[in-house]
Amino acid sequence: MLKDYKENATHLNDLLNEWDFIGVVPLGAKDEYDCLIDPVLKILSEGKDETDLSAYLKLFIKEHFGMELDQKRVENFSNGVFNWWNTKN
């Protein structure tokens with residue numbers, strides 16, 4: 001189970017770094033989005049849907065990072081996360 005968690009966390013971190021909504025990964029900040037890994041994995045493992053994930057991300061990013069992201073951008077990322085999650089499970 002721990003191995004699965006680590007694999008999932010690593011892959012989700014890769015997805016978050018690809019998304020890089022702040023734009024800091026090219027500057028070397030590979031751990032900027034670590035705060036999102038556990039909550040997102042929890043949402044996925046609880047069987048919630050893309051809408052739940054998008055709502056969570058939008059609110060968290062606003063409160064934690066002080067940024068308002070375009071809803072479509074958040075939805076596109078959420079859909080990609082669910083595509084990965086559903087193909088691996």
Side-chain angles (χ1 to χ4, degrees):
M1 183 138 156
L2 182 58
K3 181 182 175 202
D4 289 341
Y5 170 80
K6 286 182 179 181
E7 288 175 4
N8 289 336
T10 297
H11 192 81
L12 181 56
N13 188 56
D14 291 345
L15 292 174
L16 287 162
N17 284 334
E18 285 174 26
W19 187 33
D20 191 23
F21 59 88
I22 298 175
V24 295
V25 172
L27 304 174
K30 301 288 185 192
D31 62 350
E32 187 66 27
Y33 308 117
D34 285 359
C35 56
L36 286 165
I37 292 171
D38 285 339
V40 171
L41 287 176
K42 184 175 187 224
I43 288 168
L44 295 169
S45 65
E46 289 177 347
K48 295 185 178 176
D49 65 16
E50 293 94 333
T51 303
D52 295 319
L53 179 57
S54 292
Y56 172 80
L57 289 171
K58 192 122 167 81
L59 180 63
F60 183 86
I61 291 167
K62 181 179 180 181
E63 291 178 351
H64 185 79
F65 293 99
M67 298 176 68
E68 295 258 359
L69 296 183
D70 176 70
Q71 185 66 30
K72 192 67 176 165
R73 186 173 179 201
V74 176
E75 288 171 0
N76 287 341
F77 176 74
S78 295
N79 289 337
V81 169
F82 270 88
N83 286 338
W84 158 70
W85 184 257
N86 291 327
T87 56
K88 69 165 258 10
N89 286 319

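Just the heavy atoms: all of them, side chains too, but no hydrogens, waters or symmetry mates, feed the values below.
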Assess whether side chain to side chain contact (heavy atoms under 4.5 Å, CB included) is satisfied between E7 and T10, documenting all intermediate values.
CA-CA 5 Å; E7 288 175 4; T10 297; 5.8 Å; no

Please tabulate, for side-chain N and O atoms in residues 23-36, each donor-acceptor pair with protein atoms closer than 3.5 Å (sequence neighbours left out).
from: Y33; atom 1: OH; to: D20; atom 2: OD1; distance (Å): 2.6
from: Y33; atom 1: OH; to: F21; atom 2: N; distance (Å): 3.4
from: Y33; atom 1: OH; to: I22; atom 2: N; distance (Å): 3.1

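- Legend: residues meeting side-chain contact (heavy atoms from CB on, under 4.5 Å) with E46, ordered by chain and number and at least two apart, are K42, K48.
- Among residues two or more places apart in sequence or in another chain, the side-chain contact (heavy atoms from CB on, under 4.5 Å) test is passed with A9 by Y5, I37, L41.
- Distance check, rounded to the nearest 0.5 Å: CD1 of I43 to CG of D38 gives 11.5 Å.
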Scan the side chains in residues 63-71 for donor-acceptor partners under 3.5 Å anywhere in the protein, sequence neighbours excluded, and list what turns up.
from: E68; atom 1: OE2; to: K62; atom 2: NZ; distance (Å): 3.1
from: D70; atom 1: OD2; to: K72; atom 2: N; distance (Å): 3.2
from: D70; atom 1: OD2; to: R73; atom 2: N; distance (Å): 3.2
from: Q71; atom 1: NE2; to: E75; atom 2: OE2; distance (Å): 3.2

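- The shortest side-chain heavy-atom distance between N8 and W85 falls under the 4.5 Å cut-off.
- Within the model, atoms NZ of K58 and CG of L53 stand 13.0 Å from one another, a figure rounded to the nearest 0.5 Å.
- Listed by first then second residue, pairs satisfying ring-ring contact (aromatic ring centres under 6.0 Å, His included) with a partner in residues 37-57 read Y56-F60, not counting sequence neighbours.
- Here CG of N83 is found 11.0 Å from OG of S78. Values are rounded to the nearest 0.5 Å.
- Residues L15 and F77 come closest through the heavy atom pair O-CE1, 3.6 Å.
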